[in-house]
Amino acid sequence: MKTQLTIFNTFSRRKEVFEPLNPPFVGMYVCGPTVYSDVHLGNCRTFITFDLVYRYLLHLGYRVRYVRNITDVGHLESDADEGEDKIAKKARLEQLEPMEIVQRYTNGFRQVMQQFNVLPPSVEPTATGHLMEQIEMVQKILDNGLAYEKNGSVYFDVARFVQQYPDYGKLSGKVVDDLLQETRDLKRQDEKNNPADFAIWMKASPEHLMRWKSPWSVGFPGWHLECSAMSTKYLGEQFDLHGGGMDLQFPHHENEIAQNVGCCGVAPVRYWMHGNMLTINGQKMSKSLGNSILPHELFSGQNSFMSQPYSPMTVRFFMLQTHYRSTLDFSDAALLAAEKGYKRLMNALQLLPELQHPGNTPPQMPDEDLAVQAACNALYDHMNDDFNTAMVLADLFELSGKINALYNKQLPPDALGLETFNRLQSVFPAFVQEVLGLADDTGAANNQLSDGLMSLILDIRAEARAKKDWPTSDLIRNRLNNLHIVVKDGKDGTTWTVE
RNA sequence: GGUCGGAUGGCCGAGCGGCUAGGCAGAGGUCUGCAAAACCUCGUACACCGGUUCGAUUCCGGUUCCGACCUCCA
């Protein structure tokens, strides 16, 4: 039983009780996308994971400032510090302004996030919008003697830094000596004093499209720098939570810490969280491996991996069935199963508000009452246990069973005490919709016109059934089935859903 | 090669030193004009080999296989 929120901290490799620096305020930073191409499903998993964290913190009553950046410059294409900027490359290929590329993929990213019902962050800063802050940070690191300039570029001096901050490497589990003795032959390493050093400011080559003036050269900031600068600006030198995908642990997050400490003298983050990768056919889905599925390809069914389209909420549900620190393998069979489970949950969600309680307080079936109370408590216990959404869903299915049984009169209306009944009616939707962020996209969230038409049609069918006119009754049902409308005859009349 | 993580019933996936989630699929039953849905019951799984223990799927060691990071990636 966990009555307090505990979070697995990558830095300590342990679950720790979450204690914000300045409650009720929580500062949370998540590394956002680099907007040089469409977000793929693996990216989405990370943002859905941290959307869940954000939502639960809000649900617990914290006042969260959630910062998720847009990386629109400085992210290099290949080998350490010498490849082409990803956005500039794309711009050159498509003959567009770099900012057109940025705008296009930022728009696309936001649209996909909306489809997945991911809440927008409180601040969504861009790297290009924070050049001043980044340049200032470079200067401070230089002033602190932890960086050096070579031919207009500025490099972070890892060997020197390690002397005053022995924890360098701890986050990603690296042995510093190994990093410093890296023997691999990387091109154009001659400017660096040490292979482990990394650029915080890069001088732009003549053909480089994205360039800004700085005290050292006309150039652009290093990739890791933006997150350090922007988290410091909006959340302060120290803040509570930092998230991102596991593949950012090294070098990105390790170097982020180094820059913050190198600039401000304090470790910036109290709790580091890392989401695991999404795999397809057992292999990491990644842009560079070319095995990524785009969200719209999954939603439309236009892809070579799946037999049918899957809705955004089905995919979200599917992801929540797995703990965020486990890898998740995408497959058609698994999604098909998830789709059915998701619909089952939505069905219970729809029925719940229709339930009536007779009002007598003592439960007629104490065991059922206890079971419902226990499941309601378990929702919090499991969420508090490092966001165990798989268990939360199990609890919700437990409650779904009770909701269905009450609705179908398999349990008497006063099986639960009034208090328990009221709790069920408030906690269940709160977890499904607010915390897990599962909206109903099954098509049963109807409009007035279809509601009216359906009630007309079902009234006619009810008359036919009353006269035992089974051919007419079945004709109506079959024709509706052809329109993917499923008719269910219950004890108290007929309901329908869209499949 | 170095570092780290994982191997769970037909499938997906939690979890734990003994009380053995959940979803999907399957079997039986209740309900029903039939159907669908719903509800009830059922399958006793934890890669392999040793060890610790009264007892291990869960802890320790080894083996095999898989993956991640070490280089751009959420």
Side-chain angles (χ1 to χ4, degrees), chain A residues 13 30-34 36-37 39-50 75-81 83-84 86 169 172-175 178-179 182 184 186 223 243-252 274-279 282-289 292 317-318 321-323 325-342 344-345 347-348 351 378 382 385 388-398 400-411 465 468-470 473-474 477-478 481 486-491 494-497 499:
Chain A
R13 315 276 147 151
V30 170
C31 291
T34 302
Y36 67 100
S37 66
V39 278
H40 68 244
L41 249 11
N43 302 316
C44 293
R45 184 185 184 200
T46 297
F47 301 124
I48 288 172
T49 293
F50 291 104
H75 204 153
L76 300 180
E77 184 66 29
S78 69
D79 282 325
D81 308 335
E84 192 172 2
K86 289 192 170 189
S172 53
K174 300 279 176 240
V175 178
D178 291 352
L179 293 174
E182 176 67 70
R184 195 140 35 117
L186 294 174
W223 170 41
M246 257 181 155
D247 49 356
L248 294 184
Q249 251 177 63
F250 189 90
H252 186 58
H274 289 95
N276 213 322
M277 299 293 100
L278 189 145
T279 60
Q283 201 178 30
K284 181 172 84 158
M285 183 181 290
S286 88
K287 291 176 185 176
S288 46
L289 288 172
S292 51
F317 175 91
F318 174 65
Q321 277 186 307
T322 307
H323 188 84
R325 284 191 286 113
S326 300
T327 53
L328 170 60
D329 196 53
F330 245 65
S331 70
D332 195 43
L335 276 167
L336 213 54
E339 182 178 67
K340 295 199 177 172
Y342 163 68
R344 199 168 139 75
L345 199 60
N347 193 244
L351 298 181
H382 289 139
D385 186 12
N388 193 333
T389 51
M391 286 303 289
V392 167
L393 283 172
D395 300 329
L396 290 171
F397 278 110
E398 161 92 16
S400 298
K402 306 300 179 199
I403 292 167
N404 285 326
L406 285 167
Y407 184 82
N408 292 319
K409 309 285 195 286
Q410 287 141 334
L411 285 175
R465 293 184 72 216
K468 297 194 191 293
D469 178 4
W470 309 129
S473 161
D474 290 349
R477 185 170 67 195
N478 291 338
N481 272 344
V486 179
V487 173
K488 302 170 191 171
D489 296 322
K491 277 207 167 89
T494 301
T495 59
W496 59 281
T497 53
E499 290 297 311

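Here is how names work: the chains are called A, B, and so on, in the same order as the sequence lines, proteins then strands, and each is numbered from 1.
The interatomic distance linking A:L345 (CG) with B:rA37 (C1') rounds to 16 Å, in whole Å. Across the protein-nucleic acid pair, A:R465 atom CZ and B:rG33 atom C1' stand 8 Å apart, rounded to whole Å. A straight line from CD1 of A:I48 to C1' of B:rA74 spans 11 Å, rounded to a whole angstrom. Spacing between atom CG of A:D469 and atom C1' of B:rC34 amounts to 14 Å, rounded to whole angstrom units. The separation between A:M277 atom CE and B:rA74 atom P is 9 Å, rounded to whole Å. The NZ atom of A:K284 sits 7 Å away from the C1' atom of B:rA68 (whole-angstrom rounding). Rounded to whole angstrom, the span from the CG atom of A:D332 across to the P atom of B:rA25 amounts to 14 Å. Here the C1' atom of nucleotide B:rC24 and the CG atom of A:L336 are 8 Å apart, to the nearest Å.
Here the side chains of A:R344 and A:S400 are not in contact, with every heavy-atom distance at 4.5 Å or above. Looking at heavy atoms from C-beta onward, A:N408 lies out of side-chain contact with A:L351 at the 4.5 angstrom threshold. Under the 4.5 Å side-chain criterion, counting only non-hydrogen atoms from C-beta, A:N347 is in contact with A:K488. Counting heavy atoms from C-beta on, the side chains of A:V39 and A:P33 come closer than 4.5 Å. In this structure, A:N481 and A:V486 have side chains that are in contact, with non-hydrogen atoms separated by less than 4.5 Å. The shortest distance between side-chain heavy atoms of A:E339 and A:Y342 does not fall below 4.5 Å.
Heavy-atom nearest nucleotides on RNA chain B were determined for A:C44 and for A:V486, and the one closer to the 5' end corresponds to A:V486. Positionally, the nearest nucleotide of RNA chain B for A:D395 lies more toward the 5' end than for the other of A:L248 and A:D395.
Considering only residues two or more places apart in sequence or on other chains, A:D395 meets the side chain to side chain contact (heavy atoms under 4.5 Å, CB included) condition with A:A378, A:L379, A:H382. With sequence neighbours left out, A:K409 forms a salt bridge (charged side-chain N to carboxylate O under 4.0 Å, His left out) with A:D492. For A:D329, there are no salt bridge (charged side-chain N to carboxylate O under 4.0 Å, His left out) partners, not counting sequence neighbours.
A gap of 12 Å separates the C1' atoms of B:rG26 and B:rC11, to the nearest Å. The gap from the C1' atom of B:rG28 to that of B:rC19 amounts to 27 Å, rounded to the nearest Å. Nucleotides B:rG5 and B:rC60, compared at atom P, are 11 Å apart to the nearest Å. B:rC42 and B:rC66: their P atoms are spaced 39 Å apart (whole Å). Going from the C1' atom of B:rU57 to that of B:rU8 covers 8 Å, rounded to whole Å. Look at the C1' atom in both B:rC46 and B:rG29: the space between them is 30 Å, to the nearest Å.
You cannot call A:F47 stacked on the base of B:rA74; the centres under 5.5 Å and planes under 30° rule is not satisfied.
Not a single donor-acceptor pair under 3.5 Å links the side chain of A:D385 to the backbone N or O of A:N388. Formation of a donor-acceptor pair under 3.5 Å by the A:S473 side chain with backbone atoms of A:D469 is not found in this model. Panel note: side chain A:R45, backbone A:N276; a donor-acceptor pair is recorded below 3.5 Å.
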*Reading RNA chain B 5' to 3', what string of ( ), [ ], | and . shows its pairs, if Watson-Crick and G-U wobble pairs count only when both distances fall under 3.5 Å?*
(((((((..(((.....[...))).(((((.......)))))....(((((..]....))))))))))))....
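When distances run from any side-chain atom of A:K488 to the nucleotides B:rC24, B:rG33, B:rA36, the shortest one goes to B:rA36.
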*Would you mind building the protein contact string for nucleotides 2-19 of chain B? One character per nucleotide, 5' to 3', B for base within reach (heavy atoms under 4.0 Å), S for sugar-phosphate only, - for untouched.*
SS--------SSSS----
_Please encode protein proximity along nucleotides 38-43 of chain B as a string of B, S and -, counting only heavy-atom distances under 4.0 Å._
BB----
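No engagement by A:L411 is indicated, since no non-hydrogen atom pair under 4.0 Å with the nucleic acid exists. As judged by a 4.0 angstrom heavy-atom cut-off over every strand, A:H274 is placed among residues making no nucleic acid contact.
Of all the heavy atoms in A:G341 and A:F397, the pair that sits closest is O-CZ, 3.4 Å.
For B:rA25, the OP1/OP2 oxygens have a side-chain nitrogen or oxygen of A:K340 closer than 4.0 Å.
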